[in-house]
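Here is the structure we will look at, set down as structure tokens.
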Protein chains: 2
Amino acid sequence: MDHARIDLEHLLRTAGLRVTGPRLAVLDAVGTHPHAEADQIIAAVRESAPRVSHQAVYDSLNTFAERGLLRRIQPRGAVARYESRVGDNHHHLVCRGCGLIRDVDCAVGLAPCLTPANRHGFTIDEAEVIYWGTCPDCADRRTGAPPHELRE
Amino acid sequence: MDHARIDLEHLLRTAGLRVTGPRLAVLDAVGTHPHAEADQIIAAVRESAPRVSHQAVYDSLNTFAERGLLRRIQPRGAVARYESRVGDNHHHLVCRGCGLIRDVDCAVGLAPCLTPANRHGFTIDEAEVIYWGTCPDCADRRTGAPPHELRE
DNA sequence: GTCGCAAACTTGAATGACTCAAGAGAAGAG
DNA sequence: CTCTTCTCTTGAGTCATTCAAGTTTGCGAC
């Protein structure tokens with residue numbers, strides 16, 4: 001618990017950011033709720049710090065995403081989600097049925113598809129891969145109960 | 001171009017959709033404005049058909065995306081964009097500076113990265129790849145050099 | 001320790017892409 | 001031509017996210 005807090009403090013300081021209660025709470029919440037959306041993070045933060053404003057959470061999330069402390073993912077048709085696993089070039093599996101997101105490592109290697117056929121003069125620094133499909137639960141559900149939500 | 005209109009009509013009919021003025025206008029606008037957002041498509045549609053409602057455009061775009069007549073792309077932090085190039089598994093190059101989007105074919109082949117290391121039981125039907133980077137103009141602008149060519 | 005100030009936070013309102021709803025209008029099968 | 005059903009219009013509503021203004025606080029400097 002406490003040494004985790006020390007780690008988060010260190011993370012903030014090395015990023016040149018001030019250490020504050022709301023920020024520690026946001027970092028902690030993102031760590032314990034991978035792929036959560038802003039709403040869920042606000043709720044999680046308020047469990048330990050009820051007086052934190054939604055604005056502070058958004059500010060923190062944006063700042064952290066900007067500085068690379070966490071990663072924002074936003075599948076089409078969905079709201080933004082956040083995760084603390086950064087810098088390891090992993091990708092995401094998204095269920096078209098229920099929106100479930102899972103992490104996956106790419107089969108090709110550490111930097112998959114980083115070389116498109118024609119880079120049009122761009123300097124490329126990241127390849128983001130989203131695999132679209134159906135999760136096991138939704139596949140089962142399709143033969144019985146009606147689907148969930150987030151249909152496309 | 002009348003034969004282009006015939007093609008669009010055919011496209012709608014084979015998708016089991018009724019042929020209407022607004023729909024033809026939307027298909028045409030997406031074709032001539034690749035990677036445009038809904039707003040721009042509404043504006044383009046209204047050049048030829050001023051009385052079309054924004055709702056009709058959204059309905060059309062959603063229906064077309066659902067039926068595979070066009071593709072919706074939505075880089076994180078940006079609003080949805082649409083393109084008429086479908087079914088050829090191409091990907092996108094997105095500039096972090098100005099949001100410019102360009103099509104790219106994947107170097108790996110027709111179905112890049114369709115096999116993640118662990119599919120968690122998912123049935124995967126699409127791999128979406130976004131290359132993030134800086135376009136030539138934004139790179140020049142950053143070093144004070146004169147711009148390159150016209151934005152898309 | 002405490003001063004000063006930029007960074008961060010709170011409160012509250014605003015924005016804007018997108019959706020919902022209800023009724024009118026038109027496509028197209030029979 | 002007629003009828004059914006799909007599509008369109010109008011107008012209001014939603015909701016994630018941002019903007020703005022004023023207050024508080026972290027923390028380097030004295």
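To find a chain, count down the sequence lines: A is the first, B the second, and so on, and within it residues start at 1.
- Although no hydrogens or angles enter the test, the distance criterion places no donor-acceptor pair under 3.5 Å between the side chain of B:R46 and the main chain of B:R51.
- With DNA chain D read from its 5' end, the first of the two nearest nucleotides for A:G21 and A:H54 is the one closest to A:H54.
- An OP1 or OP2 oxygen of C:dC9 is reached within less than 4.0 angstrom by a side-chain nitrogen or oxygen of A:T20.
- Computed from coordinates, the B:L61 CG to C:dC18 P distance equals 9 Å when rounded to whole Å.
- Checking C:dA8, D:dT18, C:dT10 against every side-chain atom of A:N62, the shortest atom distance belongs to D:dT18.
- Toward the 5' end of DNA chain C, the nearer of the two residues B:D39 and A:V52, judged by each one's closest nucleotide, is A:V52.
- Phosphate proximity of C:dC18 to B:Y58: present, with a side-chain N or O under 4.0 Å from OP1 or OP2.
- A straight line from CG of A:L17 to C1' of C:dA7 spans 10 Å, rounded to a whole angstrom.
- In this structure, CG of A:D59 is placed 17 Å from P of D:dA16, rounded to the nearest angstrom.
- Distances were taken from every side-chain heavy atom of A:Q55 (C-beta onward) to each of C:dC9, D:dT18, C:dA21; the shortest belongs to D:dT18.
- Note: CZ (A:R13) to C1' (C:dA7) measures 14 Å, nearest angstrom.
- Side chains of A:E83 and A:H92: a donor on one and an acceptor on the other come within 3.5 Å.
- Contact annotation: the side chain of A:H33 never approaches that of A:R81 to less than 4.5 Å [non-hydrogen atoms, C-beta and beyond].
- Residue B:V57 is the one, among B:V57 and A:Y82, whose nearest nucleotide of DNA chain D lies closer to the 5' end (criterion: closest heavy atom).
- With no hydrogens or angles considered, no side-chain donor-acceptor pair links B:H35 and B:Q40 at under 3.5 Å.
- With rounding to whole Å, A:E66 atom CD is found 11 Å from D:dT18 atom P.
- Here D:dT7 is the nucleotide among C:dT19, D:dG26, D:dT7 with the atom lying nearest to any side-chain atom of B:R23.
- Donor-acceptor pairing under 3.5 Å, judged by distance alone, is present between the side chain of B:R18 and the base of D:dC6.
- Here the P atom of nucleotide D:dT17 and the CD atom of A:Q40 are 11 Å apart, to the nearest Å.
- Minimum atom distance to the side chain of A:V19 is reached by D:dC27, of the listed D:dC27, D:dA16, D:dC8.
- Note: CD1 (A:I42) to C1' (D:dT18) measures 13 Å, nearest angstrom.
- Judged by distance alone, with hydrogens and angles left aside, the side-chain atoms of A:H120 form a donor-acceptor pair with the main-chain N or O of B:D103 at under 3.5 Å.
- B:L12 has its CG atom 12 Å from the C1' atom of C:dA27, to the nearest Å.
- The base of D:dT9 does not come close enough to the side chain of B:R51 for any donor and acceptor atom to sit less than 3.5 Å apart.
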